[in-house]
Asker: 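Quick one: the structure is below, and I'll ask about it shortly.
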Amino acid sequence: MKLYNTMSRSKEEFVPIKENTVMMYNCGPTVYNYFHIGNARNFIIFDTLRRYLKYRGYQVKFVQNFTDIDDKMINRANEEGITIKELADKFIAEYFEDADKLGVMHADVHPKATENIGPIIKLVKTLQSKGYAYDIDGDVYFDTIAYKDYGKLTKHNAEELESGARVDLDERKKNPADFALWKAKKPGEPFWKSPWGEGRPGWHIECSAMAMQYLGETIDIHSGGMDLQFPHHENEIAQSEAATGKPFANYWLHNGFINVDNRKMSKSLGNFFTVKDIIRKYDYEVLRFFILSAHYRSPINFSDALLESTKSGLDRLYECLLNLNHIVVYSEVSDSLEEEKAIIETIRETEISFVKHMDDDLNTADGISDLFNLVKQINLSDIKSKETAKLALAQFRKLGDVLGILHKEIQVEIPSEIEKIAKERDDARKNKDFKRSDELRDLLNEKGYLVEDSKEGYKIKIKL
RNA sequence: GGCGCCAUCGCCAAGUGGUAAGGCAAAGGUCUGCAAAAUCUUUACUCCCCGGUUCAAAUCCGGGUGGCGCCUCCA
């Protein structure tokens, strides 16, 4: 498959280091709050990549960290009057709750910065011994001038960064672009013992240390949100490659942002939504489907109207699954019929097209259009046999699973009580007692079932 | 100032050299006691503008206009 590599600014054929194995590291959340839909986009996109790589036969080792020590954690814990550990535990639990419902699988390892202080210190020591880091008053900085490749991911230049004038000016630093690997303890802050005194790790170093610790010195894919390109990933590359002399990651992948009113959703603009905000009104699955309906690198706008239309589209897919299920349960024809050959072929071809699309830099939008095209063909084809319906159903489930959607249980035994009411309603209809039949339809509705009349008779469907 | 992205139907969104996918909405049909359901059909001679390259461009090149992002905690 092809993946867009930020490092080369082009799509490249994906070739893992070890055949059939993929090592992925996704920069995870700082656990000081519920995560917002922008975070959700990142988790969902790279979860989908992971699922797709598995589907393509790779063994994927996926690591996603929890940043559980930094300024935001310290400030928030102080505000709440709880310990940093308590804060982290709470929002890690919240992370898993939302992630699970969004269909985001757990990583193979979810390392925490605070549990990897040893490897972090070791890495900083290595950098210092190689002359890429210097310490002042208990702080340790990375020397961006000493590392000549600094800025290669985002085409920044260490000397020129000063002209941006937005870099934190610290007179003690040799160069304004130099960044902290280790921060000396301040009063009231948590700390660990280190060769430079008591302190805590800088932000960037944890990802380098943990990626190496759990995946190796060179990994296949390193991913994160667009804004992590600079400085976070740039700094990770500098630290890691200066320390090991090897490439840190072969493919750098970045997802685009979610905008609100065409402006970036951000904390400073105050226009951000947490996942918890959204699911008061929409299913988690609608949110996931929405995010996958655009290419992962494009910015997407977010609004209620967009989610509404996304929901309608998802309903169309489920409607087709329900119709297929109805055939599986009620059809009297078991084996596929001769005249179903064409649709069986279409079902098969859907997967081929889906793979072609997903192979092209994870084009989920096109992958989804394959599902809709199949729906259209199925609706046109009048499937009669259980076998063909099962085939179609299985295809939707399989491809839906790659996208992390269409998991809802639709194969449900219709309880005899419900069957009875439906039958009664049908009898009432036949007797033109429409008042009674509408009452019974409402009753079924209350119990979670829909009844639809068609030429072949009535159909009972579970409400999703 | 440095680096980068985007502009395709009312809305969303694919397509990066071979003659405009898909979804939502809308309109019209089918079905129906009604339909709130379901389903079908239709809906961009055209891809922000102006040049150029080419047998051929939404797709490549140059210029313009408009919008956005990173360089600052942020996915």
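Numbers restart at 1 for each chain; the letters A, B, ... are given by sequence-line order, proteins then strands.
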Asker: What does the B/S/- profile of nucleotides 14-20 of chain B look like, 5' to 3', with a 4.0 Å heavy-atom cutoff to protein?
Answerer: SS-----
Asker: Relative to each other, are the rings of A:F142 and A:F179 parallel, tilted or perpendicular (30° and 60° limits)?
Answerer: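 A:F142 vs A:F179 ring planes: parallel.
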Asker: With no hydrogens and no angle check, do the side chains of A:N323 and A:H326 hold a donor and an acceptor under 3.5 Å apart?
Answerer: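 Short answer, no.
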Asker: Side chains of A:D315 and A:S312 only: does a donor on one sit below 3.5 Å from an acceptor on the other?
Answerer: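 A:D315 vs A:S312: no donor-acceptor pair found between side chains.
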Asker: Nearest to the side chain of A:S369 - B:A21, B:U39, B:C24?
Answerer: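 Nearest to the side-chain atoms of A:S369, counting from C-beta on, is B:A21.
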Asker: Nearest whole angstrom, please: distance from the P of B:U32 to the CG of A:D438.
Answerer: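 About 16 Å, once rounded to whole Å.
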Asker: Can you list every pair that meets salt bridge (Lys or Arg N to Asp or Glu O under 4.0 Å) and has a residue in residues 98-108 of chain A, with sequence neighbours left out?
Answerer: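 Residue pairs with at least one partner in residues 98-108 of chain A: A:R50-A:D108, A:E97-A:K101, A:D98-A:K276.
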Asker: Please give the distance between the C1' atoms of B:C31 and B:U46 as a whole number of Å.
Answerer: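 One C1' to the other, the span is 36 Å.
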Asker: Can you tell me the pairing partner of B:A44 across any strand shown, Watson-Crick or G-U wobble, with both distances under 3.5 angstrom?
Answerer: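 Pairing partner, where one exists within any strand: none, as none qualifies.
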Asker: In whole Å, what is the span from the CZ atom of A:F230 to the P atom of B:C71?
Answerer: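 Result: 8 Å.
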Asker: So what does A:N255 touch, heavy atoms closer than 4.0 Å: a base, only the sugar-phosphate, or nothing?
Answerer: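 Result for A:N255 = base.
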Asker: Categorize A:D453 for me: base, sugar-phosphate, or nothing, with a 4.0 angstrom heavy-atom threshold over every strand shown.
Answerer: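 Base contact - A:D453 has a heavy atom under 4.0 Å of at least one base atom.
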Asker: Is there a Watson-Crick or G-U wobble partner for B:C24 with both distances under 3.5 Å, and if so, which one is it?
Answerer: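 Pair assignment: B:C24 / B:G10.
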Asker: Among the candidates B:G33, B:C40, B:C73, find the nucleotide nearest to the side-chain atoms of A:R316.
Answerer: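 From the listed options, B:C40 comes nearest.
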Asker: What's the gap between B:A27 and B:G63 when it is taken at their C1' atoms, as a whole Å value?
Answerer: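 That atom pair is separated by 42 Å.
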Asker: Please give, in whole Å, the distance from B:C34 C1' to A:K432 NZ?
Answerer: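 Spelled out: NZ on A:K432 to C1' on B:C34 is 12 Å.
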Asker: Is there a Watson-Crick or G-U wobble partner for B:C3 with both distances under 3.5 Å, and if so, which one is it?
Answerer: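 The answer is B:G69, by the H-bond criterion.
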Asker: B:G4, B:U32, B:A13: which one has an atom nearest the side-chain heavy atoms of A:I300?
Answerer: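 Within the option list, the nearest is B:A13.
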Asker: Enumerate, atom names and distances included, each donor-acceptor pair closer than 3.5 Å involving a side-chain atom of residues 144-151 of chain A, sequence neighbours excluded.
Answerer:
from: A:T144; atom 1: OG1; to: A:N175; atom 2: ND2; distance (Å): 3.0
from: A:T144; atom 1: OG1; to: A:D178; atom 2: OD1; distance (Å): 2.6
from: A:Y150; atom 1: OH; to: A:N235; atom 2: OD1; distance (Å): 2.5

Asker: Taking the side chain of A:H36 as heavy atoms from C-beta outward, which of B:A75, B:G23, B:U32 is closest to it?
Answerer: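 From the listed options, B:A75 comes nearest.
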Asker: Cut-off 3.5 Å, side chains only: do A:T346 and A:Q377 have a donor facing an acceptor?
Answerer: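 No.
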Asker: 5'-most contact on RNA chain B: A:H156 or A:D315, nearest heavy atom basis?
Answerer: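 Looking at the nearest nucleotide for each, A:H156 comes out on the 5' side.
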Asker: In Watson-Crick or G-U wobble terms, both distances under 3.5 Å, what is the partner of B:G62?
Answerer: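 In the structure as shown, B:G62 has B:C50 as its Watson-Crick or wobble partner.
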Asker: Scan every strand shown for a Watson-Crick or G-U wobble partner of B:G33, both distances under 3.5 Å, and answer none if you come up empty.
Answerer: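 With both distances under 3.5 Å required, B:G33 matches none.
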Asker: Please classify the nucleic acid contact of A:S266 as base, sugar-phosphate, or nothing, using heavy-atom distances under 4.0 Å.
Answerer: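 Result for A:S266 = base.
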Asker: Mark yes or no for a side-chain to base donor-acceptor pair under 3.5 Å between A:S437 and B:G33, with no hydrogen or angle criteria applied.
Answerer: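 Result: at least one qualifying N/O pair found.
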Asker: On a whole-Å scale, what distance lies between the C1' atoms belonging to B:G28 and B:U43?
Answerer: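 It works out to 11 Å between them.
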Asker: Would you call the rings of A:H232 and A:H204 parallel, tilted or perpendicular, where under 30° means parallel and over 60° means perpendicular?
Answerer: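 Rings of A:H232 and A:H204: tilted, 30 to 60°.
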Asker: Please check if any side-chain donor atom of A:K356 sits under 3.5 Å from a side-chain acceptor atom of A:N363, or the reverse.
Answerer: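 No.
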Asker: Is it true that A:Y34 and A:F91 have ring centroids separated by less than 6.0 Å?
Answerer: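 Yes - the distance between ring centres of A:Y34 and A:F91 falls below the 6.0 Å cut-off.
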Asker: Parallel, tilted or perpendicular: which fits the ring planes of A:F290 and A:F302, with parallel below 30° and perpendicular above 60°?
Answerer: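 If you compare the ring of A:F290 with that of A:F302, the planes turn out perpendicular.
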Asker: Under the 3.5 Å rule, do the base of B:C74 and the side chain of A:K72 count as making a donor-acceptor pair?
Answerer: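 Flag unset: no donor-acceptor pair detected.
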Asker: Choose from B:C3, B:A75, B:G69 the nucleotide whose nearest atom is closest to any side-chain atom of A:R263.
Answerer: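 My answer, after comparing the listed nucleotides, is B:G69.
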Asker: By the 4.0 Å heavy-atom rule, please label A:K376 as base, sugar-phosphate, or nothing.
Answerer: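 The residue A:K376 makes sugar-phosphate contact but no base contact.
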Asker: So what does A:L450 hit on the nucleic acid, given a heavy-atom distance under 4.0 Å: a base, only sugar-phosphate, or nothing?
Answerer: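 No contact.
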Asker: Side chain of A:R425, heavy atoms from C-beta onward: which of B:G33, B:C74, B:C11 has the nearest atom to it?
Answerer: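 Of B:G33, B:C74, B:C11, B:G33 is nearest to the side chain of A:R425.
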Asker: What's the gap between B:A21 and B:G2 when it is taken at their C1' atoms, as a whole Å value?
Answerer: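 Per the computed distance, 39 Å lies between those C1' atoms.
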Asker: Counting any heavy atom closer than 4.0 Å, what does A:F257 reach on the DNA or RNA strands: base, sugar-phosphate only, or nothing?
Answerer: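 Base, at least one base heavy atom under 4.0 Å.
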Asker: Can you measure A:K155 atom NZ to B:C3 atom C1' for me and round it to whole angstrom units?
Answerer: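 Computing the A:K155:NZ to B:C3:C1' distance gives 9 Å.
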Asker: How many whole angstroms separate atom CG of A:L253 from atom P of B:C5?
Answerer: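 A:L253 atom CG is separated from B:C5 atom P by 16 Å.
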Asker: Which residue in the set A:T364, A:N255, A:D361, A:T48 passes side chain to side chain donor-acceptor pair (under 3.5 Å) when paired with A:Y296?
Answerer: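 Only one of A:T364, A:N255, A:D361, A:T48 forms a side chain to side chain donor-acceptor pair (under 3.5 Å) with A:Y296, namely A:D361.
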Asker: Nearest to the A:W203 side chain among B:A38, B:G2, B:C73, which nucleotide is it?
Answerer: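 Of the options given, the side chain of A:W203 lies nearest B:C73.
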Asker: Can you see if the side chain of A:K356 gets near the phosphate of B:A21 - specifically, an N or O under 4.0 Å from OP1 or OP2?
Answerer: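 Result: no.
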Asker: Between B:C12 and B:G17, how far is it from one P atom to the other, in whole Å?
Answerer: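 Those two atoms are separated by 26 Å.
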Asker: Say you pick atom C1' in B:A44 and the same atom in B:G69; how far apart are they, in whole Å?
Answerer: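 Taking atom C1' in both B:A44 and B:G69, they lie 30 Å apart.
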Asker: Atom CZ of A:R429 to atom P of B:G33: distance rounded to whole Å?
Answerer: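 After rounding, the gap between these two atoms is 6 Å.
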Asker: Is it the case that A:T350 and A:Q395 place a side-chain donor and acceptor less than 3.5 Å from each other?
Answerer: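 There is no such pair between these side chains.
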Asker: Classify A:E308 by what it touches in the nucleic acid, base, sugar-phosphate, or nothing, heavy-atom distance under 4.0 Å.
Answerer: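 If one applies the 4.0 Å heavy-atom cut-off, A:E308 turns out to touch nothing in the nucleic acid.
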Asker: Using the P atom as the reference point in each nucleotide, state the distance between B:A7 and B:A58 in Å, no decimals.
Answerer: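 Those two atoms are separated by 15 Å.
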Asker: Under the 5.5 Å and 30° test, is A:F372 stacked on the base of B:G22?
Answerer: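 So A:F372 does not count as stacking on the base.
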Asker: With nearest nucleotides of RNA chain B determined for A:Q377 and A:H232 from heavy-atom distances, which residue corresponds to the more 5′ nucleotide?
Answerer: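 Its nearest nucleotide being more 5', the pick is A:Q377.
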Asker: In whole Å, I'd like the distance from the NZ atom of A:K264 to the P atom of B:A75.
Answerer: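 The answer, rounded to whole Å, is 9 Å.
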Asker: Report yes if a side-chain nitrogen or oxygen of A:N39 is closer than 4.0 Å to either non-bridging phosphate oxygen (OP1 or OP2) of B:C74; otherwise report no.
Answerer: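 No, because none of the side-chain N or O atoms of A:N39 sits under 4.0 Å from OP1 or OP2 of B:C74.
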Asker: In whole Å, what is the span from the CD1 atom of A:I405 to the P atom of B:G23?
Answerer: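 Roughly 14 Å, once rounded to whole Å.
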Asker: Using the P atom in both, what is the distance from B:A35 to B:U59, to the nearest Å?
Answerer: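 After rounding to an integer number of Å, I get 48 Å for this pair.
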Asker: Of all the nucleotides listed (B:U41, B:A75, B:C12), which has the minimum atom distance to the side chain of A:L380?
Answerer: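 Of all the options, the side chain of A:L380 is nearest to B:U41.
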Asker: Please work out if A:G313 contacts a base, only the sugar-phosphate, or nothing of the nucleic acid, heavy-atom cut-off 4.0 Å.
Answerer: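 If one applies the 4.0 Å heavy-atom cut-off, A:G313 turns out to touch the sugar-phosphate alone, with no base involved.
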